[in-house]
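Since the structure comes first, as structure tokens, the remarks are kept for the end.
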Protein chains: 4
Amino acid sequence: MVMEEQKSLSFTLDPKSGVPYYKQVILQVEMAIADGRLTTGDQLPTVRSLAVDLKINPNTISRAYREMEIRGIVNTQQGTGTFISEKEIEISAVEREKILASLVRDFVIKANSYGIDMDQVIDYLQEMRDNEPLKA
Amino acid sequence: MVMEEQKSLSFTLDPKSGVPYYKQVILQVEMAIADGRLTTGDQLPTVRSLAVDLKINPNTISRAYREMEIRGIVNTQQGTGTFISEKEIEISAVEREKILASLVRDFVIKANSYGIDMDQVIDYLQEMRDNEPLKA
Amino acid sequence: MVMEEQKSLSFTLDPKSGVPYYKQVILQVEMAIADGRLTTGDQLPTVRSLAVDLKINPNTISRAYREMEIRGIVNTQQGTGTFISEKEIEISAVEREKILASLVRDFVIKANSYGIDMDQVIDYLQEMRDNEPLKA
Amino acid sequence: MVMEEQKSLSFTLDPKSGVPYYKQVILQVEMAIADGRLTTGDQLPTVRSLAVDLKINPNTISRAYREMEIRGIVNTQQGTGTFISEKEIEISAVEREKILASLVRDFVIKANSYGIDMDQVIDYLQEMRDNEPLKA
DNA sequence: GTGGTCTAGACCACA
DNA sequence: GTGGTCTAGACCACT
């Protein structure tokens with residue numbers, strides 16, 4: 001029997017990383033969406049509560065949320081909250097294959113600049129996937 | 001006869017990463033030294049040629065080289081060029097891991113934004129690897 | 001002989017309109033692009049200078065510029081300035097016709113809700129166009 | 001026989017306009033009164049039906065109606081409905097012009113973002129009008 | 001010189 | 001209660 005690891009959504013900030021706080025928040029939301037911890041309609045923590053949690057200024061959270069709103073990642077309703085928006089992805093398999101190929105090509109070139117080869121990447125990805133929670 | 005592994009040196013910049021260009025250049029040089037693609041005495045591209053290659057302002061390359069000079073990573077000889085110095089570059093496993101993680105994370109997020117999930121990405125990469133086993 | 005009216009780019013704010021300052025700035029940039037006063041590569045006023053001009057806080061200008069950056073309208077380079085980005089619009093005539101039709105349909109419905117008919121709209125548009133500067 | 005001009009009453013909301021929903025509703029009622037589509041004694045849609053129509057929270061419609069009640073624009077009779085009161089609505093030419101300008105401006109900007117310029121828009125609209133001269 | 005990030009705090013608007 | 005806007009001012013990073 002396997003422990004059903006429940007990867008809950010919790011935000012953390014690394015002050016030393018050099019990455020701005022608001023970007024760290026965005027990245028964490030994006031990753032949570034990518035691996036299924038957040039999906040369409042889910043509510044994000046309120047600006048104020050997350051600010052308290054992370055011990056930073058509410059404006060900084062606000063900025064992160066606003067930026068995601070502009071990008072269409074989340075949907076904000078005054079007085080109600082901020083929610084993961086519906087992603088309307090309607091592309092054919094062919095199209096998707098094309099996009100994937102182009103993304104991979106760019107990525108390989110970039111990884112190559114850092115001396116990272118595909119085996120490492122694949123291993124890393126598999127590890128990531130295997131640490132995912134069972135989706136509902 | 002075995003194909004000798006050809007790890008070529010090539011620079012890439014990601015304008016959207018938020019990482020300043022000059023830092024991206026430094027990082028790539030360091031990684032190349034760390035994994036043997038560059039070694040003591042090797043010449044770096046000239047400021048101008050690299051600037052043309054990357055389509056950015058030569059000043060930015062200059063700054064990267066200057067900073068590496070200060071750190072003792074390279075040696076600049078007026079009128080001759082910039083060369084890798086004797087100093088050993090230590091890039092910890094942790095550091096490598098971080099870079100890898102950040103590259104992969106950005107990639108996964110981007111793929112996800114097109115509705116491509118990790119499984120598809122992994123499948124694609126594996127297929128790619130298996131079909132071109134000898135390509136660097 | 002006709003006076004060549006030179007519609008210069010000057011920003012103005014209407015505090016009474018209820019439209020947030022940063023949105024007013026964005027709208028004015030967008031309109032300037034739409035009618036040719038601003039085009040690819042043109043530099044916007046610096047954050048600070050525009051703030052002084054409009055007598056508002058630089059952060060507010062910053063916010064407007066940042067939002068346009070995210071939307072891909074402008075391109076920002078640290079230490080250099082903010083520039084109108086190249087619009088890469090590559091759509092076929094057929095596609096464009098489709099989009100236009102759909103935009104117009106939505107617009108007509110909306111205008112209708114406000115009791116505005118097409119004749120008024122057309123007149124208004126023609127007036128707008130005729131006030132444009134001669135493009136270089 | 002002449003077609004009687006049919007100015008129908010229909011509500012629309014633009015989520016991206018930044019104008020709160022309740023204000024958009026009020027504005028549209030006011031415009032309808034101003035140009036005769038609604039007149040003293042006419043009944044407005046019920047809160048619920050309009051909320052369903054516009055797919056928004058009934059509270060938002062309530063608020064719009066409440067505010068119009070306060071301003072004396074409408075009369076709410078418990079259990080019966082909401083009716084246009086006797087008060088005259090004066091919407092100045094300036095006000096109308098403003099609304100028209102803002103609608104058209106948003107439309108032009110949007111079209112422009114797809115690479116469609118004003119001339120194309122005007123041509124399209126004129127053609128439309130000329131081909132369907134009798135359509136409301 | 002340029003823009004970027006963050007804070008602290010005020011006040012407003014929506015539900 | 002929610003998020004939105006704006007200010008004032010500090011400090012940092014890039015050219």
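Letters go in sequence order (proteins before strands), and every chain restarts at 1.
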Quick one: on DNA chain F, does A:Val47 or C:Ile56 contact a more 5' nucleotide (nearest heavy atom)?
->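 On the 5' side of the pair lies A:Val47.
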Shortest side-chain distance from [X], nucleotide among [options]:
X	options	value
A:Pro20	E:dT5, F:dG3, E:dG3	E:dT5
A:Thr82	E:dG3, F:dT5, F:dG3	F:dG3
A:Arg66	E:dC6, F:dT5, E:dG3	F:dT5

Take A:Val19 and C:Pro45, find for each the nucleotide of DNA chain E with the closest heavy atom, and name the residue whose nucleotide sits nearer the 5' end.
->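 Closer to the 5' end of DNA chain E: C:Pro45.
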Upstream residue (5' side of DNA chain E) when A:Lys23 and D:Asn57 are each assigned their closest nucleotide =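 This one resolves to A:Lys23.
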Could you check which nucleotide pairs with F:dA13 in any of the strands shown, counting Watson-Crick or G-U wobble with both distances under 3.5 Å?
->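 Its partner is E:dT2.
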Which heavy atom of [X] sits nearest to which heavy atom of [Y], and what is that distance?
X	Y	answer
A:Met31	B:Ile109	SD-CG1, 3.6 Å
B:Tyr65	B:Leu44	OH-CB, 3.6 Å
B:Met68	B:Ile26	CG-CG1, 3.8 Å

Length of the [atom1]-[atom2] vector between [X] and [N], whole Å:
X	N	atom1	atom2	value
C:Asp14	F:dT5	CG	P	17 Å
C:Gln78	F:dC14	CD	C1'	5 Å
A:Arg48	E:dA8	CZ	P	15 Å
A:Lys16	F:dC12	NZ	P	18 Å
C:Tyr65	E:dT5	OH	P	16 Å
A:Ile61	E:dT5	CD1	P	15 Å
A:Glu69	F:dG3	CD	P	12 Å
A:Glu67	E:dG4	CD	C1'	12 Å

Is C:Tyr21 touching bases, backbone alone, or none of the nucleic acid, heavy atoms closer than 4.0 Å?
->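 Sugar-phosphate: the residue C:Tyr21, judged by heavy atoms under 4.0 Å, touches backbone atoms but no base.
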If you measure from [atom1] on [X] to [atom2] on [Y], what distance do you get to the nearest 0.5 Å?
X	Y	atom1	atom2	value
C:Gln28	D:Arg105	CD	CZ	9.0 Å
D:Leu27	D:Phe11	CG	CZ	11.0 Å
C:Glu30	D:Asn112	CD	CG	9.0 Å

For [X] and [N], is the shortest distance between a side-chain N/O and OP1 or OP2 below 4.0 Å?
X	N	result
A:Thr46	F:dT2	yes
C:Thr60	F:dT7	yes
C:Arg63	F:dT5	yes
C:Tyr22	F:dC6	no

Answer with yes or no whether C:Asn59 presents, from its side chain, a donor or acceptor under 3.5 Å of a partner atom in the base of E:dG3.
->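 There is none.
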